[in-house]
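Throughout, a chain's letter reflects where its sequence line sits, starting with A, and its residues are numbered from 1.
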2 protein chains.
Amino acid sequence: MADERQQRMTIQRKLILEVLQSTTSHPTADWIYEEVRKKLPRVSLGTVYRNLNVLKENGEVLELNYGSGQSRYDGNPKNHYHFTCQICGAVYDVPFDVQNELNERAKEASGFVIYKHRLEFYGMCNECQNSH
Amino acid sequence: MADERQQRMTIQRKLILEVLQSTTSHPTADWIYEEVRKKLPRVSLGTVYRNLNVLKENGEVLELNYGSGQSRYDGNPKNHYHFTCQICGAVYDVPFDVQNELNERAKEASGFVIYKHRLEFYGMCNECQNSH
DNA sequence: CTACGTGCAAATAGTTTGCCGGAAC
DNA sequence: GTTCCGGCAAACTATTTGCACGTAG
């Protein structure tokens, strides 16, 4: 809050944000790295991670984190819900309104101050359904 | 499903399950390791992880996975909701009924087959509130 | 010109695995 | 006795970090 450190919009940071905002696929850091590398071949994976963390702290991207393996990132910082296919691992948005009354109920049930919630659905996507 | 591999109830597995079921603190693998070590000093961390994975596959425990760092484990396999304090990192249960109609709405909104959902709340716990 | 950011490589953290001896059944 | 499991240490994967140079503002 009191940290008024000046941030620079470098080419790397700009490209990383663009990649994230131009896909709906909730990619991993590694995938983002490969994409950015197409335009900026000498970029490093460390830079990708560093910038994802900066952008996350700025509230410009979300980190999604499922059971195992890598984190995934989402260029849409507005709270919304996700679906993960338990067969192929793909992650999709679930387009229905955020249920803010859930926060109320959680507050009543727990007594804690609730800032936000995260809701993730699991199941089988259409493609995986068809190949069964 | 077709895997009818015979499992043994070893002392290690038994203690790990007991530790998990006798706490409401959703501990990390490391904490479980330290607890089990009090009764079985030569147990190894690898064994703890191996057994947590076995128990998870059996559906006897849940793996909870938040933003960063380690996984946490829950000895209560019934679906229920959690609250994470964003200040101190503690995880608590949120005692209100599972909202199965959310699965319906997600199905309508996405067209996918939904098996389950996971709902996590974030905020500030009472202790952290008092120390501010 | 002054921080802040980058590339690179090495370090870390969490978790998994290979091996071989040991124990459950 | 057979098969699964445990201890140990090494391996692996994802992510972070130290350093010296580069560049945005």
Side-chain angles (χ1 to χ4, degrees), chain A residues 2-20 26-58 60-74 84 89 91, chain B residues 2-20 26-58 60-74 84 89 91:
Chain A
D3 192 339
E4 294 300 324
R5 196 163 201 266
Q6 184 57 38
Q7 287 190 356
R8 293 176 186 169
M9 183 48 69
T10 59
I11 299 164
Q12 290 84 344
R13 188 165 299 166
K14 188 148 169 279
L15 284 174
I16 289 164
L17 191 53
E18 275 175 20
V19 165
L20 256 172
H26 310 84
T28 60
D30 216 67
W31 188 90
I32 296 166
Y33 169 59
E34 293 300 339
E35 284 303 300
V36 173
R37 216 142 72 108
K38 289 178 183 167
K39 295 199 170 161
L40 202 68
R42 300 190 64 78
V43 75
S44 80
L45 188 52
T47 294
V48 172
Y49 276 110
R50 257 187 300 234
N51 278 298
L52 286 171
N53 283 332
V54 170
L55 293 169
K56 185 173 54 164
E57 267 147 40
N58 292 351
E60 296 175 82
V61 311
L62 295 178
E63 182 180 0
L64 310 175
N65 192 293
Y66 303 102
S68 22
Q70 308 112 291
S71 285
R72 288 167 170 276
Y73 294 87
D74 189 331
T84 302
V91 178
Chain B
D3 192 338
E4 294 300 322
R5 200 161 199 266
Q6 184 56 37
Q7 287 190 355
R8 292 174 188 170
M9 182 49 69
T10 59
I11 298 164
Q12 289 84 346
R13 189 165 299 165
K14 190 150 166 277
L15 283 174
I16 289 165
L17 191 52
E18 275 175 21
V19 164
L20 256 172
H26 310 82
T28 59
D30 217 67
W31 189 90
I32 297 166
Y33 169 59
E34 293 299 340
E35 285 302 300
V36 172
R37 217 142 73 107
K38 290 178 184 169
K39 293 199 172 165
L40 202 68
R42 300 190 65 77
V43 75
S44 80
L45 188 53
T47 294
V48 172
Y49 275 110
R50 255 187 300 234
N51 278 296
L52 286 171
N53 283 333
V54 170
L55 293 169
K56 184 172 55 161
E57 267 148 42
N58 292 351
E60 295 174 82
V61 311
L62 295 177
E63 182 181 1
L64 309 175
N65 195 291
Y66 304 102
S68 21
Q70 308 112 290
S71 286
R72 287 168 171 274
Y73 294 86
D74 189 331
T84 303
V91 178

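Between A/Thr10 and C/dT6 there is a side-chain N or O to OP1 or OP2 distance below 4.0 Å. Regarding contacts with the backbone of C/dT6, every side-chain N or O of A/Ser44 stays at 4.0 angstrom or more from both OP1 and OP2. In this model, the phosphate group of D/dA14 is approached by a side-chain N or O of A/Gln70 to a distance below 4.0 Å at OP1 or OP2. The phosphate of C/dT15 (OP1 or OP2) has a side-chain N or O of B/Ser71 nearer than 4.0 angstrom. OP1 and OP2 of D/dC5 both lie 4.0 Å or more from every side-chain N or O belonging to B/Gln6.
Judged by atom type and distance alone, A/Arg50 reaches the base of D/dG18 through a side-chain donor-acceptor pair under 3.5 Å. In this model, no side-chain donor or acceptor of B/Arg42 finds a partner on the base of C/dG22 within 3.5 Å.
Residue-level contact check: B/Asn51 touches the backbone only, with heavy atoms under 4.0 Å from sugar-phosphate atoms and none from bases. Counting non-hydrogen atoms under 4.0 angstrom, A/Asn53 reaches the backbone sugars and phosphates but no base. Residue A/Arg8 is in base contact, counting any heavy-atom pair closer than 4.0 Å across all strands shown. Backbone-only contact: A/Arg13 has heavy atoms under 4.0 Å from sugar-phosphate atoms and none from a base.
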For DNA chain C, the dot-bracket notation using Watson-Crick and G-U wobble pairs below 3.5 Å, [ ] for pseudoknot-type crossings and | for other-strand pairs, is |||||||||||||||||||||||||
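Once rounded to the nearest 0.5 Å, the distance linking CD1 of B/Ile32 with CG of B/Leu52 reads 4.5 Å. Atom CZ in A/Arg37 sits 14.0 Å away from atom CG in A/Leu15 (nearest 0.5 Å).
When the shell of 6.0 Å around CG of B/Leu40 is examined, it contains more than 12 heavy atoms from other residues, nucleotides or ligands.
For the pair B/Gly46 and B/Gln7, both in contact range of DNA chain C, the more 5′-proximal nearest nucleotide belongs to B/Gly46.
For the 3.5 Å distance criterion, the side chains of A/Glu63 and A/Asn53 fail to qualify, holding no donor opposite an acceptor.
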